[in-house]
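Heads up: the structure comes next, in structure tokens.
Throughout, a chain's letter reflects where its sequence line sits, starting with A, and its residues are numbered from 1. What's counted below: heavy atoms across the whole structure, side chains too, no hydrogens, waters or symmetry copies. These numbers were taken from a predicted model, which means no experiment stands behind them.
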Protein chains: 2
Amino acid sequence: MDYIGRLTAHLPTANRLLMVKADGSVSIHADDRAYKPLNWMSPPCRIEEAPGVWRVVNKAGEELRITLEEVLHDSSHELGVDPGLRKDGVEAHLQELLAASPGVLREGYTLVRREFPTAIGPVDLFCRDAGGGSVAVEIKRRAGIDAVEQLTRYLELLNRDPLLAPVAGVLAAQSIAPQARTLAEDRDIRCVVVDYDALRGIERDELTLF
Amino acid sequence: MDYIGRLTAHLPTANRLLMVKADGSVSIHADDRAYKPLNWMSPPCRIEEAPGVWRVVNKAGEELRITLEEVLHDSSHELGVDPGLRKDGVEAHLQELLAASPGVLREGYTLVRREFPTAIGPVDLFCRDAGGGSVAVEIKRRAGIDAVEQLTRYLELLNRDPLLAPVAGVLAAQSIAPQARTLAEDRDIRCVVVDYDALRGIERDELTLF
DNA sequence: CGTTGTATGTCGCAT
DNA sequence: ATGCGACGTACAACG
């Protein structure tokens, strides 16, 4: 196998698993590296099949050349349309829940905007505290140092705006890395660990009230 | 299928491809999303096989429950040890090319050192400009905000050294995200978009001259 | 279509 | 183990 594209790669002859999907993708698996193939081509791409040689090319001109020396097994199956995967607990959902109940972050918080736009990207939640002060909230599932850096950038920018300043910072996450917490607190960013399940419970309770 | 781990996910019944590798990994594929499975478990993990039900658990307690209703096809193959994949990357090569032709970044630049060591990691290129001033260059294939942060950290550190200061910053990449450019220019970091193919051409021309 | 942020990212390397 | 940077990152959402 040879790949010529964003990088070049060569793979000597060996027994391998080739997977060709209905979406047009091709992947070459060895008996390791979990679900990641040794090489692949993502759709949309075109497969040119000559005897013993496959040439897979995509729009950008990237190319996969596969030479087949022996076929140990070959089978094909109709899988039909997949009913789809339901995920729960990703950051987007956490943001929804906190947007609905900003008081969880601190008593008296009210939401001004979700995805508050700035020149360097949107702030997850923009709130006001009980005293009318501005609060920028960064939400992560797991907060690392990068999350603190991100929020710091937003705060620096927002605090240049005399209409908004002073803007306080809150880092809300299901878990916060110790180093991230240290860095955050050093920068006067408040850390809030949120319990996703409990938050979902609050949401349910509030819905029940109406 | 159900996954309970870093998030929870559920997958209704359908025809799917299950791949179990010798490394112990399990992945569940549909006929789309290229090489990425709908769900998976990475090694090390343990598969408990009951009739019609697989339970895959890893060290962190994440769990995959797979219910088999019907097996359309089942086959197993020894792939043996894989001879391994040889990759030739672009990023390292880009650094080589710029090290050989620092004048591409700005007329008069000369290379002092590649991988210039600092306490927080090596600076990709350390140069002098035509006036003898210090220049730290961060090279990326695609520069995002994180690249600007990285270079900023280097510059802050380097500028504390009175023998080097002032040190100018240059971000060189094949493509630079708009937000990264905004942040960089706000911090007086110069952005240079380099053309990999053209650079390779320059290299060839210079080699031809000698 | 380009841009941006997220990811069960994964992977590899240094500490 | 953990932190950090690179990845052919992939991928989806959004302007």
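Between dT6(C) and dC7(D), the distance separating the two C1' atoms is 15 Å to the nearest Å. Taking atom C1' on both dA6(D) and dA7(C), the two are 15 Å apart, rounded to the nearest angstrom. A distance of about 22 Å separates the P atoms of dG5(D) and dT8(C), rounded to the whole Å.
Using bins of under 30°, 30° to 60° and over 60° for the plane-to-plane angle, the ring pair Trp40(A)/Tyr35(B) lands in the perpendicular bin. In this structure, His29(B) and His29(A) have perpendicular ring planes: the angle between them is above 60°, well past the 30° mark.
Checking Gln174(B) against Lys140(B) by side-chain atom types alone, no donor-acceptor pair falls below 3.5 Å. Side chains of Asp88(A) and His93(A): a donor on one and an acceptor on the other come within 3.5 Å. A donor and an acceptor atom, one from each side chain of Tyr3(B) and Glu62(B), are located under 3.5 Å apart.
Summarising the local packing, CZ of Arg113(A) is surrounded by more than 12 heavy atoms from other residues, nucleotides or ligands at distances under 6.0 Å. Dense packing is recorded around CZ of Arg187(A), with more than 12 heavy atoms of other residues, nucleotides or ligands lying under 6.0 Å away. Heavy atoms of other residues, nucleotides or ligands lying less than 6.0 angstrom from CD of Glu48(A) number more than 12.
With hydrogens and angles ignored, the 3.5 Å screen pairs a side-chain donor or acceptor of Asn159(B) with a backbone N or O of Leu155(B).
Nucleotides of DNA chain C nearest to Leu85(A) and Ala180(B) differ in position, and the one nearer the 5' end is that of Ala180(B). Nearer the 5' end of DNA chain C, as judged by each residue's closest nucleotide, is the contact made by Tyr154(A), out of Ala9(B) and Tyr154(A).
With a cutoff of under 4.0 Å to any heavy atom of chain B, the contacted region of DNA chain C is bounded 5' to 3' by dT3(C) to dT10(C).
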Exercise for the section: Begin with the C-alpha distance, continue with both residues' side-chain angles, and end with the deciding distance and a verdict on salt bridge (Lys or Arg N to Asp or Glu O under 4.0 Å) for Arg160(A) and Glu156(A). Expected result: CA-CA 7 Å; Arg160(A) 283 190 211 165; Glu156(A) 200 202 341; 3.6 Å; yes
Protein-nucleic acid N or O pairs under 3.5 Å, nucleotides 6-8 of chain D:
residue, atom, partner, partner atom, Å
dA6(D), OP1, Lys140(B), NZ, 3.0
dA6(D), OP2, Lys140(B), NZ, 3.0
dC7(D), OP2, Glu91(B), OE1, 3.0
dG8(D), OP1, Lys87(B), NZ, 3.1
dG8(D), O3', Arg6(A), NH1, 3.2
dG8(D), O6, Asn39(A), OD1, 2.6
dG8(D), O6, Trp40(A), N, 2.8
dG8(D), O6, Trp40(A), O, 2.9
dG8(D), N1, Trp40(A), O, 2.5
dG8(D), N3, Tyr3(A), OH, 3.2
dG8(D), N3, Arg6(A), NH2, 3.2

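Contacts with DNA chain D (heavy atom under 4.0 Å) in residues 14-31 of chain A: none are found.
Taking atom CG of Leu151(B) as the reference point, atom P of dC4(D) lies 18 Å away to the nearest angstrom.
Within 4.0 Å of Gly121(A), counting heavy atoms only, lie sugar-phosphate atoms of the nucleic acid but no base atom.
Under 4.0 Å is where a charged nitrogen must lie from a carboxylate oxygen, and between Asp82(A) and Arg16(B) at least one such pair does.
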